[in-house]
Every structure is written in structure tokens, then in C-alpha cells.
Amino acid sequence: MASATSSPTAQRHVGFSHRTQAPFQLDDSSSQLHDELHDDSPPVRKYRLMSDIMARAQYAVVERETYSDLLCEQCGSGEVSEELLLCDKCDKGFHMKCVRPIVVRIPIGSWLCPKCQGGKRVRTFSQKRIIDFFGIGRSYFYADDKCSSQEAKKRRKRSRPLVLHKKKRRLLPFVPTKDPVQRLKQMGSLASALTASNIEFCDHLTYSPGMAPRSANRSAFENGDMQILCKEDLETVEHCIAMSKRGEFPPFMVVYDLCQGYTVEADDLIKDMTVVAEYTGDVDYLHNRERDDCDSMMTLLLGRESSQSLVICADKRGNVARFISGINNHTQEGRKKQNCKCVRYNVGGECRVFLVATRDIFKGERLYYDYNGYEYHYPTHNFV
């Protein structure tokens, strides 16, 4: 989908509804012959309502002769025409900052306004479906917490000396909600958001055919600044991964905001330096995604050569990190909201990206981080 400044002759996707075929009708002679052959009256044929047919029918858009008078349906202004989007169904205009949720980048391909998309259907999941959705063993989820408590004691013993060295700030593992019922609610909110966004749950980096292979993800190719996990922090990360496999996720609720779309709220206290989540998705070369309108790409590797640079794309696969909001780093108020940071680590010679809390995050507070932590290419001026 191009902006409204493109020429009317530009290629558009299919537009207004195709005319449905009229029901076949018999003429008078045929009707008389029909009555002679069939004494009893035929059953009444039922037809669908026209509103149902129109809702399911394909649509086609007829180009206007000019778009110079195009106005935004929300604010009524035609200013900043380069940010006006045209709906491929109703052919009406909307500013990227006026539409809800806000559109950050000009979409590639077809785009429908919220009214033509229809309301988002919130899908609820049963307890069994939640466990199956995340691929968690029932024995793990309902197991006694003795194993977890023993691991916690071991970790406390190992971490006690580190408390004395305040200069050496170490990563902390997240603390999952103890109540299994509340934990299921948290997981259900994430499952609903992923399903509504047509995203498959994946808690690790994936290497799909046609994209970058795993051999391309080498920290030795890095040309920028990448941190190396020390032994204690590596143990923390491994502990977090083990908890996630058991269905013990960070205490988050994924909620839908009319302005921001899906976003993440803390459902319990999250302490400073806590590992919030690993950013996961498909790994691809940056040059393959230069014209991609995906709003969830994350820098994974800044190569010495541009052909080596990698990004994580969470448009097909991902986890809760995909829904954490970005700040408007053009305003002081936007920067004040930041409570997480994005950190790239060298883990066993591979590049990994983690979100880490930069201060204590309290229950009910939304999570924010700077989308432009490494490169200032992402447009955040329309962010709330």
C-alpha cells in the first residue's frame, strides 16, 4: 500500500465487491411445463441476506481521477499528505498518526482501515489449550514447587558474594507468579494476542529456509558493541529458559490498547536488572528486509560488511517481547517512560538479544524500551 501521494494509475489491489450472480428464474412457458411435470409445489428456496454476501465477497477499488482533495477521516485535515494512507476497501484516507492503532510505517501491499478490518475478536483459551499452545508438559506445570525452591536456594547461595560488589551488577532471573490459576491467565493473554496477530509462539531464534542460516549468526562478524555474558549471567539466562520450558513465564499480561495495539503490563513487581525476555523470531539478512514494512524487526548483528548484518523478524514467530512497546525518543516525556533496555550478548559465539529491566517495574505498569537503541532508523515520532 503506498501513501496517498502516489499516482492514481499506481497498481491497486482488488476493490469494490463483485456483483453476485442473480438467482436463475424460469420464463412463463418453462414455468407452465414445470407445473405440469410436478403437481406438488416445489420447496421454497432460501437465499442468504445481501449483507452477509457483501461481507464475504471480494472487493475491488476504482481509482479516483485525483487525490489532491483527500482528507483524513479522523482529523479532517489533508496536511502531511506523505503520511496519508488509503484504505484498499473503502478508499478513504487516514493519517498514520490518527488511525488506531497507530501505523508506524507505510504498509507494503494492501491495507484496510480499522472499520473495514472489523473488530478484533478476542479469543479465549481453556486451561488445556493454553498448556498445549505453549507446548508445556502437564507434569511440569502442575508439579510440586520443591524443585524450583531447591534451585532458588542454590542460586541464592551462589549470588550472595555478588551482593557485596555493587559495581558488578548481575542479571537477575524473573520471578514467575506462584498462583497457577493467575499464571494461566497471563499465558492466555499472550496466546490470544499471538493468535489474533497470526503469530506462532516461539521462545528461541529460528532459522527458516530462504533466510539466514545459523552459520551466519557468529559474534565474530560483529562490528559494533556486543557484551559477553559472564558465567553468573549465563547461568541466570539458562535458568530463565528452563523456567519457561516448565510454563513458568515472567509475570506479564498482554492487553489491547486502542491507540497502541497489543502491549505488555507487569502483573507483579519486576526488579531492576531482571531478564524480561529474549527477543525471538526468524533470523534473516538485513538486506532481505530493507523494504519490509514489518514493525517488529530487531537488530541482531551489525556486520563488518553490510551483507553480514542480521535482524530478528517477529512477524511470523515470536514471544511476549514482540508486544513490548517502544518509547517516543523525540520527546522528554516519551524517554521518561522507558523501563527496559535492549542488550545484545555474545552467548557461546552466537548473537542473542535480551530485554532487561532498567529499574523496578511495578504491577500494572506498562513496559517500554527504546526501539532505536543501536540504530536511529525506526520512526518513533508518532508513538504515544
Side-chain angles (χ1 to χ4, degrees), residues 1-18 51 54-122 193 196-198 255-263 289-297 315 322-335 337 366 368 370-372 376-384:
M1 175 69 207
S3 63
T5 55
S6 60
S7 63
T9 56
Q11 183 179 1
R12 298 293 297 268
H13 280 252
V14 189
F16 299 130
S17 309
H18 290 300
S51 58
M54 296 293 288
R56 292 174 173 81
Q58 295 182 351
Y59 56 89
V61 171
V62 177
E63 292 285 351
R64 304 184 191 180
E65 292 184 0
T66 177
Y67 287 89
S68 59
D69 59 344
L70 186 69
L71 301 177
C72 174
E73 293 294 316
Q74 296 295 121
C75 67
S77 170
E79 297 179 355
V80 198
S81 58
E82 64 273 12
E83 292 188 3
L84 270 173
L85 302 177
L86 294 175
C87 176
D88 278 313
K89 190 171 184 179
C90 65
D91 208 33
K92 294 179 180 179
F94 297 86
H95 277 123
M96 296 167 63
K97 65 180 180 181
C98 293
V99 71
R100 295 293 183 265
I102 291 172
V103 177
V104 180
R105 292 179 174 175
I106 295 176
I108 298 174
S110 61
W111 178 80
L112 300 181
C113 67
K115 184 177 181 180
C116 293
Q117 285 179 358
K120 282 190 175 291
R121 178 173 168 265
V122 179
S197 305
N198 295 319
V255 297
Y256 186 78
D257 184 274
L258 291 176
C259 185
Q260 302 181 55
Y262 285 106
T263 186
R289 299 281 181 152
E290 287 178 340
R291 297 186 177 181
D292 200 324
D293 63 340
C294 173
D295 64 347
S296 54
M297 282 192 294
D315 53 343
R322 187 251 182 274
F323 298 111
I324 298 179
S325 300
I327 63 169
N328 183 338
N329 51 16
H330 295 270
T331 65
Q332 185 64 26
E333 287 298 319
R335 290 190 289 270
K337 290 183 178 181
R366 291 187 178 179
Y368 292 94
D370 189 355
Y371 281 7
N372 292 317
Y376 293 90
H377 293 164
Y378 201 91
T380 65
H381 57 282
N382 286 334
F383 281 15
V384 178

Exercise. What distance do F323 atom CZ and T263 atom OG1 have between them, rounded to the nearest 0.5 Å?
Worked result: 10.0 Å
Exercise. Can you tell me how far the CD atom of E73 sits from the SG atom of C90, to the nearest 0.5 Å?
Worked result: 7.0 Å
Problem set entry | Main-chain N/O of W111 paired to D88 side chain as donor or acceptor, under 3.5 Å | yes
Problem set entry | Flag side-chain contact, heavy atom, 4.5 Å: V80 against M96 | no
Problem set entry | Test item: H95 and L84 side chains (from C-beta on) under 4.5 Å apart, heavy atoms | yes
Problem set entry | L112 side, atom CG; L85 side, atom CG - distance, nearest 0.5 Å | 11.5 Å
Problem set entry | For Y262 against A196, the heavy-atom pair lying closest together | OH-CB, 3.3 Å
For this session: Measure the CD-NZ distance between Q74 and K97 for me, rounded to the nearest 0.5 Å.
Result: 12.5 Å
Seminar exercise, completed: The reported gap from OG in S325 to NZ in K337 (rounded to nearest 0.5 angstrom) is 9.0 Å
Problem set entry | Gap separating the OG atom of S81 from the CG atom of L71, nearest 0.5 angstrom | 11.5 Å
